[in-house]
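Below: the structure, in structure tokens.
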Amino acid sequence: MPATVFFAAGPANWEEYRNPLNAAFTAAGLDIVMSDRTDDPASVDYIVFAPGGVIEDFGPYVNCKAVLNLWAGVERLVTNPTLTQPLARMVDWGLTEGMEEYVVGHVLRHHLGMDAHIHGQDGVWRNSVLPPLARERPVAMLGLGELGQASARALTALNFPVMGWSRSPKAIDGIECRSGEDGLAHVLSRAEIAVLLLPLTENTRDLMNADRLALMPEGAVIINPGRGPLIDDTALLAALDEDRIGHATLDVFRTEPLPPDHPFWAHPRVTVTPHIAADTRPSSSSQVIAENIRRGEAGEPFLHLVDRSRGY
Ligand SMILES: NC(=O)c1ccc[n+]([C@@H]2O[C@H](COP(=O)([O-])OP(=O)(O)OC[C@H]3O[C@@H](n4cnc5c(N)ncnc54)[C@H](OP(=O)(O)O)[C@@H]3O)[C@@H](O)[C@H]2O)c1
């Protein structure tokens, strides 16, 4: 009997994902019936989900073996009391490579001071200021998960000294790893550039508040492709206005799309990117979904399960 997959990630995603998912199911040798609607929730074996999709109440899906999220962040799902089924988040090589490229690109922009040359085409030959080498520019990577570790490795390959911070202690070749409140103070007080790749949980909300921003060296740069509420916006704007933080490149916000009148848009030392740091790619992520369904059907453990007690 075929397994039943309910694609509950909305009509736009259905158009994008339908063919790659069916191709991945076939390649994995799976017998699947997939639809973007169901009249019989009890018959559903797997739900492919994205927040803002077509269901909020997972209660009726009593036989569902797993909810497979299309995105990496799960903060809106882990707090849904109706979700009792195993929840897998997205870990996908396309997403990871995209994030590495975003982080490296924006770190290099600030490291090399590219803006001065891009915006300073005024006929004046200013060749006096040489940037330090990457090996002289300490970078903090807050979050050493799938995306943080990959991005940290890409930066170390360019010789940046990377200090990483995570919830649990880690040992990673070439990265100075720290954890705990002392570890955070250690990395922030030394980092000229800090990259935020943490999930949003009750422990990480407002992590970058006025006190923690004040730990950073004068002129430090913040790059946030993690989640908007990791930063206290008011504290960040104050630190920018007082020249303590040199620049903030922000991809994620408390309200998305970022409202047109939000002060971040007009601030000369804030760069807004519209949550484009890394997108889930249908071709590669469909293989991840298919592999998890194959595991479910074979009675093997699912990949990338979310630990709801930790919130990520
Ligand atoms: N902007 C975009 O386009 C985009 C795209 C994809 C994802 N994201 C965001 O990126 C986030 C990270 O993704 P990921 O796949 O790398 O997640 P992940 O693999 O779950 O890694 C999360 C990392 O954060 C650390 N962490 C969690 N809570 C912490 C705490 N209270 N204190 C210190 N460290 C803590 C974890 O520590 P342990 O290692 O000890 O568990 C882990 O190292 C996602 O949650 C999502 O919000 C953004």
Side-chain angles (χ1 to χ4, degrees), residues 50-51 68-79 87-106 140-155 162-172 175-188 191 194-209 212 222-231 248-258 271-282 284-285 288 302-312:
L68 308 169
N69 198 38
L70 280 185
W71 316 144
V74 289
E75 67 276 5
R76 284 160 68 184
L77 262 175
V78 282
T79 50
L87 168 64
R89 66 193 198 90
M90 182 51 66
V91 174
D92 152 40
W93 63 262
L95 181 75
T96 304
E97 278 187 23
M99 187 59 80
E100 282 171 36
E101 292 174 18
Y102 180 92
V103 169
V104 167
H106 287 277
M141 184 63 65
L142 306 190
L144 287 172
E146 291 291 330
L147 302 177
Q149 274 197 45
S151 302
R153 288 207 171 91
L155 292 171
V162 179
M163 297 167 289
W165 184 70
S166 55
R167 188 184 51 82
S168 56
K170 293 199 191 312
I172 305 170
I175 298 169
E176 183 190 339
C177 297
R178 301 273 170 159
S179 59
E181 192 62 41
D182 291 352
L184 182 59
H186 176 93
V187 304
L188 287 180
V195 181
L196 277 53
L197 273 171
L198 293 159
L200 177 61
T201 68
E202 60 187 30
N203 294 320
T204 61
R205 183 177 293 275
D206 290 323
L207 184 89
M208 294 305 285
N209 57 21
R212 301 224 176 82
I222 309 266
I223 298 175
N224 184 17
R227 281 293 181 263
L230 297 175
I231 301 181
T249 292
L250 310 172
D251 187 55
V252 282
F253 305 91
R254 280 167 197 266
T255 305
E256 294 183 9
L258 185 66
T271 300
V272 170
T273 60
H275 203 142
I276 44 75
D279 207 356
T280 304
R281 316 267 154 163
S284 45
S285 62
V288 180
F302 290 111
L303 295 172
H304 318 310
L305 280 181
V306 171
D307 177 341
R308 266 174 261 192
S309 63
R310 290 185 326 199
Y312 68 99

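If you read the sequence from its start, that first residue is 1, and numbering goes on from there. Just follow the structure's listing: the first ligand is 1, and inside any ligand the first atom is 1.
The Lys170 neighbourhood of ligand 1 comprises atoms 38 (P), 39 (O), 40 (O), with distances under 4.0 Å to a heavy atom of that residue. The contact set between ligand 1 and Ala278, taken as ligand atoms under 4.0 Å from a residue heavy atom, comprises 2 (C), 3 (O), 5 (C). Less than 4.0 angstrom separates some heavy atom of Thr204 from each of these atoms of ligand 1: 28 (N), 29 (C), 30 (C), 31 (N). Heavy-atom proximity to Gly143, at under 4.0 Å, picks out these atoms of ligand 1: 23 (C), 24 (O), 43 (O).
Ligand 1 has no N or O atom lying under 3.5 Å from any N or O atom of Leu95, backbone or side chain. For the pair Ala72 and ligand 1, the shortest N or O to N or O distance does not fall below 3.5 Å.
Neither the backbone nor the side chain of Gln149 comes within 4.0 Å of ligand 1, counting heavy atoms alone. When heavy-atom distances to ligand 1 are checked against a 4.0 Å cut-off, Met99 comes that close only through its side chain, counted from C-beta outward. In Leu147, the parts holding a heavy atom less than 4.0 Å from any atom of ligand 1 are both the side chain and the backbone. Of the heavy atoms in Leu197, both backbone and side-chain atoms come closer than 4.0 Å to ligand 1. Contacts of Val252 with ligand 1, taken as heavy-atom pairs under 4.0 Å, involve the side chain alone. At a 4.0 Å heavy-atom cut-off, ligand 1 touches Arg227 through the side chain alone.
There is no side-chain donor-acceptor pair under 3.5 Å between Glu146 and His304.
Heavy-atom distances between Leu200 and ligand 1 stay at or above 4.0 Å for every pair.
By the 6.0 Å contact criterion, CZ on Arg310 is enclosed, its count of non-hydrogen atoms from other residues, nucleotides or ligands being greater than 12.
For atom 36 (C) of ligand 1, the closest non-hydrogen atom on the protein side is Tyr312 OH, 3.5 Å.
Under 4.0 Å is where a charged nitrogen must lie from a carboxylate oxygen, and between Asp206 and Arg212 no such pair does.
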